[in-house]
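A quick write-up on the structure given underneath.
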Amino acid sequence: MEIPWIIDEHTRVKHALLKQYIDAWMTILFSAQSKLRKPEKLIYIDGFAGPGVYYENKIKDETCIGSPLIVAEAANKYIDSKPGREVHIYCTENNDSCAELLYNNLINQNKHKQNWVVYNQEFSIKAHELLDELEAKKLTEQPIFFFIDPFGYSGYPISLLKRILQYPRAEVFINFMIYDIARFYKEELFEKKMVNLFGNFQFKKDNLSKKPEETYSFLKNLYCENLKKIANVNFIMPFRINTPGQGTRPRYYMIHASNNYKALFEMKNTMARVSESSYRFEAIGIDSRQISLFDDPDKINLIERVKEFCQDKRQVSYDDLEYWAYVNTNGISRTIKEALLQLEKDNYIKILRQSRQRSNTVTTGATILANEPPLSLF
Ligand SMILES: C[S@@+](CC[C@H](N)C(=O)[O-])C[C@H]1O[C@@H](n2cnc3c(N)ncnc32)[C@H](O)[C@@H]1O
């Protein structure tokens with residue numbers, strides 16, 4: 001069968017995120033399982049798996065691999081270095097030709113005779129069967145990573161995500177195709193489809209602003225909120241992939257959801273690294289203070305947020321502050337530290353460092369104290 005697609009720039013960014021995160025996921029979880037003397041076993045489920053291979057360019061003289069093969073390649077590397085490890089890969093793909101192409105590619109890669117399966121089926125149906133099977137085999141405590149990369153916005157109802165995310169080490173990485181939603185929202189029956197996606201009736205055409213940027217923010221923030229409230233997820237991290245040539249207008253969001261802070265931490269660091277490409281980084285948590293659904297995340301300044309947090313708490317450990325900032329702001333370790341050093345310099349806070357810690361750094365073990373605001377003269 002002919003390879004159906006030539007890879008585009010968006011897909012390259014998506015693949016860079018997946019590849020780098022899966023590498024960290026395998027390193028951390030295999031090593032944790034090994035330390036606990038548990039079987040080293042991970043489960044990857046690719047819901048909209050594609051054919052596994054793309055053409056690199058229009059001349060079609062070179063190919064590159066798609067999501068299931070990226071994970072298969074990583075799995076081979078980790079099993080090469082320690083035989084006995086297991087990576088189960090389950091793919092669903094509803095297009096016959098894509099499924100066949102993927103099957104052939106995956107079989108060729110399966111040098112360690114792992115449990116790698118391609119189902120020529122609808123994701124939303126097969127996913128429940130797979131979860132039933134994992135439950136029956138008592139495998140739902142294992143780390144399970146779902147990659148949900150559809151065309152469009154249907155086929156992954158929030159009710160399914162809720163089921164997946166009840167398992168303690170499950171995480172999902174979703175391609176939330178905001179551009180398609182905004183493009184089709186005027187269509188008949190659209191609101192019904194949205195109920196499946198968003199899980200409630202809060203989505204209303206009337207809530208959509210006339211300005212596209214506000215519509216995009218609204219849809220993304222509502223989806224993230226609903227993942228929290230309806231699918232009961234603790235940590236959500238969206239990454240905006242811009243429309244080339246149109247500034248920061250999103251093409252889609254890659255949204256990571258999990259109930260594990262370490263997973264959020266690693267995914268956010270991965271996003272920050274990948275954003276050093278020509279696409280801009282965005283990572284904004286949903287704030288307990290309730291950022292307006294129409295807020296433009298670019299206007300939310302990290303230093304201001306950290307300052308407010310310190311003034312509110314009066315005293316806080318570096319680790320607690322970093323945790324809060326990872327979950328609720330667009331900061332990562334480097335930018336959080338930069339914000340604190342700036343606030344110290346500007347006399348808004350004091351940093352109590354441990355005896356061996358240098359004055360130009362701030363890290364674990366340090367305590368942050370808010371300074372009293374200067375007394376007003378009047
Ligand atoms: C964006 S492509 C996937 C690309 C792939 N994840 C990658 O990164 O290499 C989406 C794929 O999902 C398949 N698909 C669409 N609807 C589906 C459904 N309901 N269940 C399973 N597969 C579906 C399409 O045939 C297509 O191959």
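Since the model is a prediction, treat every value here as computed from it, not as a measurement. Counting starts at 1 for both ligands and their atoms, in listed order.
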Check your understanding: Relative to the heavy atoms of Q121, which atoms of ligand 1 are at a distance of less than 4.0 Å?
Key -> 20 (N), 21 (C)
Exercise for review: Consider ligand 1: state whether an atom of it lies below 4.0 angstrom from any non-hydrogen atom of G47.
Suggested key: yes
Point to revise | Proximal ligand 1 atoms for Y54, defined as those under 4.0 Å from one of its heavy atoms | key: 4 (C), 5 (C), 7 (C), 8 (O), 9 (O)
Review point. Can you tell me the protein heavy atom closest to atom 19 (N) of ligand 1 and the distance?
Key: E122 OE1, 2.9 Å
Review point. Are Y252 and Y179 close enough that their ring centers fall under 6.0 Å?
Key: no
Review point. Is it true that the NZ or CZ of K268 lies under 6.0 Å from the centre of Y326's six-membered ring and within 45 degrees of the ring axis?
Key: yes
Check your understanding: Can you say whether the rings of F145 and Y44 are parallel (under 30°), tilted (30 to 60°) or perpendicular (over 60°)?
Key -> parallel
Review point. Do K41 and E141 sit within salt-bridge range, that is, some charged N less than 4.0 Å from a carboxylate O?
Key: no
Point to revise | Per-atom contacts, ligand 1 versus G66 - under 4.0 Å to a heavy atom | key: 9 (O)
Review point. Does ligand 1 have an atom that lies less than 4.0 angstrom from a heavy atom of G155?
Key: no
**Study point:** Within-4.5 Å side-chain heavy-atom neighbours: V172 and L227
**Key:** no
Practice item. Among all protein heavy atoms, pick out the one at the shortest distance from atom 10 (C) of ligand 1; state its residue, atom name and that distance to 0.1 Å. Key: D149 O, 3.3 Å
Review point. In ligand 1, which numbered atoms sit nearer than 4.0 Å to a non-hydrogen atom of W5?
Key: 26 (C), 27 (O)
Exercise for review: Pick, from T92, N94, L18, the option with the minimum heavy-atom distance to atom 14 (N) of ligand 1.
Suggested key: N94
Point to revise | Nearest non-hydrogen protein atom, atom 25 (O) of ligand 1 | key: E93 OE2, 2.6 Å
Practice item. Return yes when Y156 approaches ligand 1 closer than 4.0 angstrom through a heavy atom, no otherwise. Key: no
Practice item. Would you check whether H15 reaches within less than 4.0 Å of ligand 1, judged by its heavy atoms? Key: yes
**Study point:** Donor + acceptor pair across side chains of T367, Q315 (<3.5 Å)
**Key:** no
Point to revise | Whether Y119 and Y90 hold their rings parallel, tilted or perpendicular, with breakpoints at 30° and 60° | key: parallel
Check your understanding: Do any nitrogen or oxygen atoms of N95 lie less than 3.5 angstrom from nitrogen or oxygen atoms of ligand 1?
Key -> no
**Study point:** Proximity to ligand 1 by part of Y119, non-hydrogen separation under 4.0 Å
**Key:** neither
Point to revise | Sub-6.0 Å ring centroid separation between F123 and F48 | key: yes
Point to revise | Heavy-atom side-chain proximity of I148 to L161 below 4.5 angstrom | key: yes
Practice item. Do me a favour and list the nearest non-hydrogen protein atom to atom 3 (C) of ligand 1 with residue, atom name and distance? Key: F48 O, 3.0 Å
Practice item. Output the list of atoms in ligand 1 that are nearer than 4.0 Å to some heavy atom of A49, sorted by atom number. Key: 5 (C), 6 (N)
Review point. For residues Y167 and E135, is any side-chain donor paired with an opposing acceptor at under 3.5 Å?
Key: yes
Check your understanding: Is the distance between the ring centroids of W25 and F147 under 6.0 Å?
Key -> no
Review point. Which protein non-hydrogen atom lies closest to atom 20 (N) of ligand 1, naming both residue and atom, and how far is it?
Key: F123 N, 3.0 Å
